[in-house]
Amino acid sequence: MDMKVAKKLGLKERYNLMTRDLDWEPSYQAKEAIYPFLEYEGIKIHDWSKFEDPFRLTMDAYWKYQAEKERKLYAILDAFNQSNGHLGVTDARYINNLKLFLTGVTPLEYMAHRGFAHVGRQLAGAGPRVACLMQSLDEIRHAQTQIHSMSNYNKYYNGFQNWRHQHDRVWYLSVPKSFFDDAVTSGPFEFMVAIGFAFEYVLTNLLFVPFISGAAYNGDMGAMAFGFSAQSDESRHMTLGLEMIKFLLEQDPANVPIVQRWLDKWFWRGYRVLTLVAMMQDYMLPKRVMSWKEAWEIYAEQNGGALFADLARYGIKPPAGWVQACKDKDHLSHQAWAVFYNYGAAAPFHTWTPSAEEMDWLSSKYPDTFDKYYRPRYEHWAEQAKEGNRFYNGTLPMLCTTCQIPMFFTEPDDPTKICYRESDYKGDKYHFCSDGCKDIFDHEPEKYIQSWLPVHQIYQGNCFGPDADPTSPDFNPLMEVLKWYKLEFGQDNLDYEGSPDKKNFEAWRAQATKN
Amino acid sequence: MSNVFIAFQKNEETRSIIEAILADNPNATVDDQPGMVRIDAPNTMTIKRETVEEVMGRRFNLQELHINLITLTGHIDETDDEFTLSWKH
Ligand SMILES: [Fe+2]
Ligand SMILES: [Fe+2]
């Protein structure tokens, strides 16, 4: 007698059955009507079945492993909060990293959720649709877990309370916000190259790995837990980005120049956003895992280098701004922190000058630049502060129309000269921080002339509350803008020295370590 | 030739996974960082289910890697028995 033993299906067969096999050919609707956004970007796809998720993750397995990640994460968060874990961080300066993260990055997670939900709906292949659906769910999980875990800090520290309100208004938060708004308003293929590839594959390691490792190093188990939990989804996101790029390049040679332009644009957009991370790593972590420069060398130069060497077979070149970004690694964090120190009254987190010991660390990590260009500046400010003249810049900076960062970056080959670029368009002049940002504008001026530039908006009178009266003799524009930001003056802003955060942390820590 | 790498959260499960990787990939090197471990290898790296099971002392599904993964680089090829990263085509 024949005995038929049902063989367990292999991974590849299971993946095929649970993704592509569930797809169908439409019979009473035209494909173009179902997927209306697939052609206007100029990308040509001939065979969607060529896209495959190499992880071969199916929806049922996805739920199972995501549930396990959530259980682990919330167990750690509960334990951390229950034992007042926030008092175990190196010192309360560290907590300012979380304020920057919650106001600047968490809202992007939510936008990523929306972006992948939209693109997942629009792509005509079952493989990328399922992968985008998973990523969309991951991203909303990231937003939620970050809000949950940082809500505990909000019980004790200032500057967290109006994070969502501030994301849409505060000057430097328009940098990450406009980056993502730019991505979600492009076509589905550009979005995949922008976020799936350029951001997730080329740059995300620079955001998450040193940040989370830094959280672990500074005793913040809460941020470490949400960070690593989010990052466990990241390998899948990176893989989706890489597979998508290979798929586009293999489908039609006409796709190559389009993809190259997107790579040039989105590498530069993403790199500019990472300016905030560079200063976080070098200046805001009381204990530092590695310098921005070292992280750049490992995650951009080595890994990115390997990646672009691999993509060369399609005719893809490293992004246009690559060489300049590699030159800037010696300067980026120092210039950025100096600007935030200047504008320490206008941001809902604290700033400070590095201690003597921290400056020595910076000298050792940046032997060619820190002592020569930046130490004198920080020492001067520290001295002034000691004499009671802590410097706060009361004027507003000029912003780059593309990246929206204040124009503080220097010329690629002259760190003593601010870099200015400009373009004329329809009778107006537009200003840029770099060749990279100017090129992006020049290619799509109609998009970027719509930028909501915070400084322009303040000068146009669009950033005051309804009860502000600019005609009154004691009208103070800065204070009115801060009110509109819902920033509590003297509590959320100004130097770390003398802040309620510092005072409270020291008092609570003393209670925690003595009777 | 470029390196591939993979990074895991540092915990009891990944201790066994890392031990298995080092046993199966003699060229791999370990970089121990706060909260995480990163393993680099020239050109290619393979994780074998059987070796992980041997070290762990229990059944192991390679998709469980997702729970503790932090980041990786290279092209992926995954079956029920092996998970490979490489820059080969
Ligand atoms: Fe995310
Ligand atoms: Fe710019």
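The chains referred to below are lettered A, B, ... by the order of the sequence lines, with proteins before strands, and numbering in each begins at 1.
- Annotation: the span from A/F197 atom CZ to A/L263 atom CG amounts to 5.5 Å, rounded to 0.5 Å.
- The two residues A/A131 and A/L240 have their closest heavy-atom pair at CB-CD1, 3.7 Å.
- Shown here for A/I76 and A/A225, the closest heavy-atom pair between the two residues is CG2-CB, 3.8 Å.
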ring-ring contact (aromatic ring centres under 6.0 Å, His included) between A/Y271 and A/W296, intermediate numbers included
CA-CA 11 Å; A/Y271 168 67; A/W296 180 263; 5.4 Å; yes
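- Not a single donor-acceptor pair under 3.5 Å links the side chain of A/S136 to the backbone N or O of A/C132.
- Interatomic distance, B/I17 CD1 to B/F83 CZ, rounded to the nearest 0.5 Å: 11.0 Å.
- Annotation: A/M290, atom CE; neighbour count of heavy atoms from other residues, nucleotides and ligands within 6.0 Å is above 12.
- Neither the backbone nor the side chain of A/I212 comes within contact range of chain B; no heavy atom of the residue lies under 4.5 Å from a heavy atom of that chain.
- Between chain A and the options B/I70, B/I76, B/I6, heavy-atom pairs under 4.5 Å are most frequent for B/I70.
- Residue A/L73: no heavy atom, backbone or side chain, is found under 4.5 Å from chain B.
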Using only distance, no hydrogens or angles, which N or O donor-acceptor pairs sit under 3.5 Å between chain A and chain B?
{"residue": "A/L11", "atom": "N", "partner": "B/D80", "partner atom": "OD2", "Å": "2.8"}
{"residue": "A/F55", "atom": "O", "partner": "B/Q63", "partner atom": "NE2", "Å": "3.2"}
{"residue": "A/R56", "atom": "O", "partner": "B/Q63", "partner atom": "NE2", "Å": "3.4"}
{"residue": "A/R56", "atom": "NH1", "partner": "B/E78", "partner atom": "O", "Å": "2.6"}
{"residue": "A/K72", "atom": "NZ", "partner": "B/N68", "partner atom": "OD1", "Å": "3.2"}
{"residue": "A/Y201", "atom": "OH", "partner": "B/T73", "partner atom": "OG1", "Å": "3.1"}
{"residue": "A/Y201", "atom": "OH", "partner": "B/G74", "partner atom": "N", "Å": "3.2"}
{"residue": "A/N205", "atom": "OD1", "partner": "B/T71", "partner atom": "OG1", "Å": "2.7"}
{"residue": "A/N205", "atom": "ND2", "partner": "B/T71", "partner atom": "OG1", "Å": "3.3"}
{"residue": "A/S213", "atom": "OG", "partner": "B/P34", "partner atom": "O", "Å": "3.0"}
{"residue": "A/Q231", "atom": "NE2", "partner": "B/I70", "partner atom": "O", "Å": "3.0"}
{"residue": "A/S232", "atom": "N", "partner": "B/L69", "partner atom": "O", "Å": "3.4"}
{"residue": "A/K246", "atom": "NZ", "partner": "B/H75", "partner atom": "ND1", "Å": "2.5"}
{"residue": "A/D310", "atom": "OD1", "partner": "B/H89", "partner atom": "NE2", "Å": "2.7"}
{"residue": "A/D310", "atom": "OD2", "partner": "B/H75", "partner atom": "NE2", "Å": "2.8"}
{"residue": "A/R313", "atom": "NE", "partner": "B/H89", "partner atom": "NE2", "Å": "3.0"}
{"residue": "A/R313", "atom": "NH1", "partner": "B/H89", "partner atom": "ND1", "Å": "3.4"}
{"residue": "A/R313", "atom": "NH2", "partner": "B/H89", "partner atom": "ND1", "Å": "3.3"}
{"residue": "A/R313", "atom": "NH2", "partner": "B/H89", "partner atom": "NE2", "Å": "3.3"}

